[in-house]
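Quick notes on the structure that follows.
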There are 2 protein chains.
Amino acid sequence: MNIGKAAEISGLPPKTIRYYEEIGLVVPDRSENGYRDYSDVDGHRLKFLQRSRSLGFSIEECRMLLSLYDDKHRASGDVKSLAQQKIDEIEEKIAQLNGLKTTLGNLVRCCHGDHRPDCPILDDLAGKEPLNS
Amino acid sequence: MNIGKAAEISGLPPKTIRYYEEIGLVVPDRSENGYRDYSDVDGHRLKFLQRSRSLGFSIEECRMLLSLYDDKHRASGDVKSLAQQKIDEIEEKIAQLNGLKTTLGNLVRCCHGDHRPDCPILDDLAGKEPLNS
DNA sequence: CTTGACCTTCCAGACGCTGGAAGCTTTAAA
DNA sequence: TTTAAAGCTTCCAGCGTCTGGAAGGTCAAG
């Protein structure tokens with residue numbers, strides 16, 4: 001199939017699919033006219049990439065997952081630990097974002113938000129009398 | 001003060017400070033020897049940038065915050081709404097990450113994680129019998 | 001035969017730095 | 001005084017992950 005069809009079934013834009021070829025993730029055959037020719041297996045791999053990318057795996061992690069997927073003798077534990085590690089990273093990010101939210105929330109609560117020129121938020125950013133954090 | 005000192009008091013690496021000059025955020029004077037010469041005000045602005053970047057504001061948002069900071073007649077409401085908008089973005093990101101976490105958590109729970117070659121996580125990524133999402 | 005959709009390649013840009021090379025100046029120690 | 005180290009300069013390139021655009025080839029429909 002052409003790249004347009006591959007894009008349709010994988011849910012990835014053609015530009016992204018070409019990029020994935022460039023970095024060696026999914027390298028299709030070529031038709032006589034020079035067009036990329038994706039097999040069904042290629043289509044599966046692209047869909048696999050779309051799904052794992054959307055779950056927050058990096059390109060290199062996806063490469064690893066793909067090679068585990070290709071390896072018929074791999075242990076499922078390898079995959080599980082990669083996923084667990086990803087969960088830990090996500091939790092860490094959430095914790096950081098919650099911290100930011102709290103700090104910004106404090107700032108916003110302290111700001112009267114009217115037309116007066118003094119503003120506790122800017123005062124805090126400038127390092128005056130820190131509210132917190 | 002030289003860039004090293006400015007780095008020290010702002011908490012930003014020299015490379016970053018040079019970059020901020022390049023994009024016009026903080027442009028210092030120059031000494032006779034060609035070295036950057038940061039005033040105390042420059043130092044404050046760098047610290048301001050360090051703090052607002054660490055709170056998740058983008059460079060362009062920081063530029064806006066700095067100009068609000070410079071403008072003695074600005075309304076604090078402008079700043080407040082920018083901060084509130086940032087909070088909304090953060091909440092949105094947290095919600096997305098929680099969704100990812102749930103999905104990955106389901107996958108991990110379903111995976112036996114031993115040495116057997118079949119793996120529900122890879123099966124899901126490949127699009128077989130979706131567990132959720 | 002023409003139009004328009006689709007395909008190709010290549011180059012550049014987005015964000016926000018970060019690293020390194022090559023070559024200054026200044027400072028401190030031997 | 002010489003020398004070595006630290007700090008400064010500029011310029012160029014790269015990180016990750018695409019995304020946009022230009023210039024041009026190919027194909028299917030009317």
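Just so we're on the same page: letters track the sequence lines, and every chain starts at 1. Everything numeric in this text was worked out from a predicted model, so none of it was measured.
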| Distance, rounded to the nearest Å, where A:K5 contributes NZ and C:dC7 contributes C1' | 17 Å
| message | What is the separation between atom CG on A:N2 and atom C1' on C:dC7, rounded to the nearest whole Å? | response | 7 Å
| request: Classify the side-chain pair B:S39/B:D42 by whether it contains a donor and acceptor separated by less than 3.5 Å. | output: yes
| Whole-Å distance separating the CZ atom of A:F57 from the P atom of D:dT17 | 13 Å
| query | Between B:R30 and D:dT10, is there a side-chain N or O to OP1/OP2 distance below 4.0 Å? | reply | yes
| task | Under the side-chain contact (heavy atoms from CB on, under 4.5 Å) rule, what do B:L25 and B:L49 come out as? Steps first, then yes or no, please. | result | CA-CA 9 Å; B:L25 282 182; B:L49 285 168; 3.9 Å; yes
| said: Rounded to whole Å, how long is the line connecting atom CG of A:D37 with atom P of D:dC27? | reply: 13 Å
| task | Report yes or no: does B:S58 contribute a side-chain atom to a donor-acceptor pair with the main-chain N or O of B:E61 at less than 3.5 Å? | result | yes
| task | Could you tell me whether B:P14 contacts a base, only the sugar-phosphate backbone, or nothing, with contacts defined as non-hydrogen atoms closer than 4.0 Å? | result | nothing
| task | Round to the nearest Å and state the distance from A:I3 atom CD1 to D:dT19 atom C1'. | result | 14 Å
| Say you draw a straight line from NZ of B:K86 to OG1 of A:T103; how long is it, rounded to the nearest 0.5 Å? | 14.5 Å
| Got A:E91 and B:L97 here, is their nearest side-chain heavy-atom distance under 4.5 Å? | no
Every protein N/O within reach of nucleotides 20-25 of chain C N/O, cut-off under 3.5 Å:
unit_1: C:dG20; atom_1: O6; unit_2: B:K15; atom_2: NZ; d: 2.3

| Pairs involving residues 11-22 of chain A, ordered by first then second residue, that meet side chain to side chain donor-acceptor pair (under 3.5 Å) (sequence neighbours left out) | A:E21-A:R30, A:E21-A:R36
| said: Under a 3.5 Å cutoff, is there a donor and acceptor pairing between the side chains of B:K93 and B:Q96? | reply: no
| field | Gap between atoms CD and P, on A:E32 and D:dG25 respectively (whole Å) | value | 19 Å
| query | If you measure from NZ on A:K80 to CD on A:Q85, what distance do you get to the nearest 0.5 Å? | reply | 15.0 Å
| task | Could you check which residues of residues 16-28 of chain B get a heavy atom under 4.0 Å from DNA chain D? Sort them by number, please. | result | B:R18
| Interatomic distance where CG belongs to B:D29 and P belongs to D:dT9 [whole Å] | 13 Å
| Side chain of A:R36: nearest nucleotide among D:dC8, C:dT9, D:dT10? | C:dT9
| query | CZ of B:R53 versus P of C:dC17: gap in Å, rounded? | reply | 4 Å
| field | B:Y38 side chain reached by B:V26 side chain, heavy atoms, under 4.5 Å | value | yes
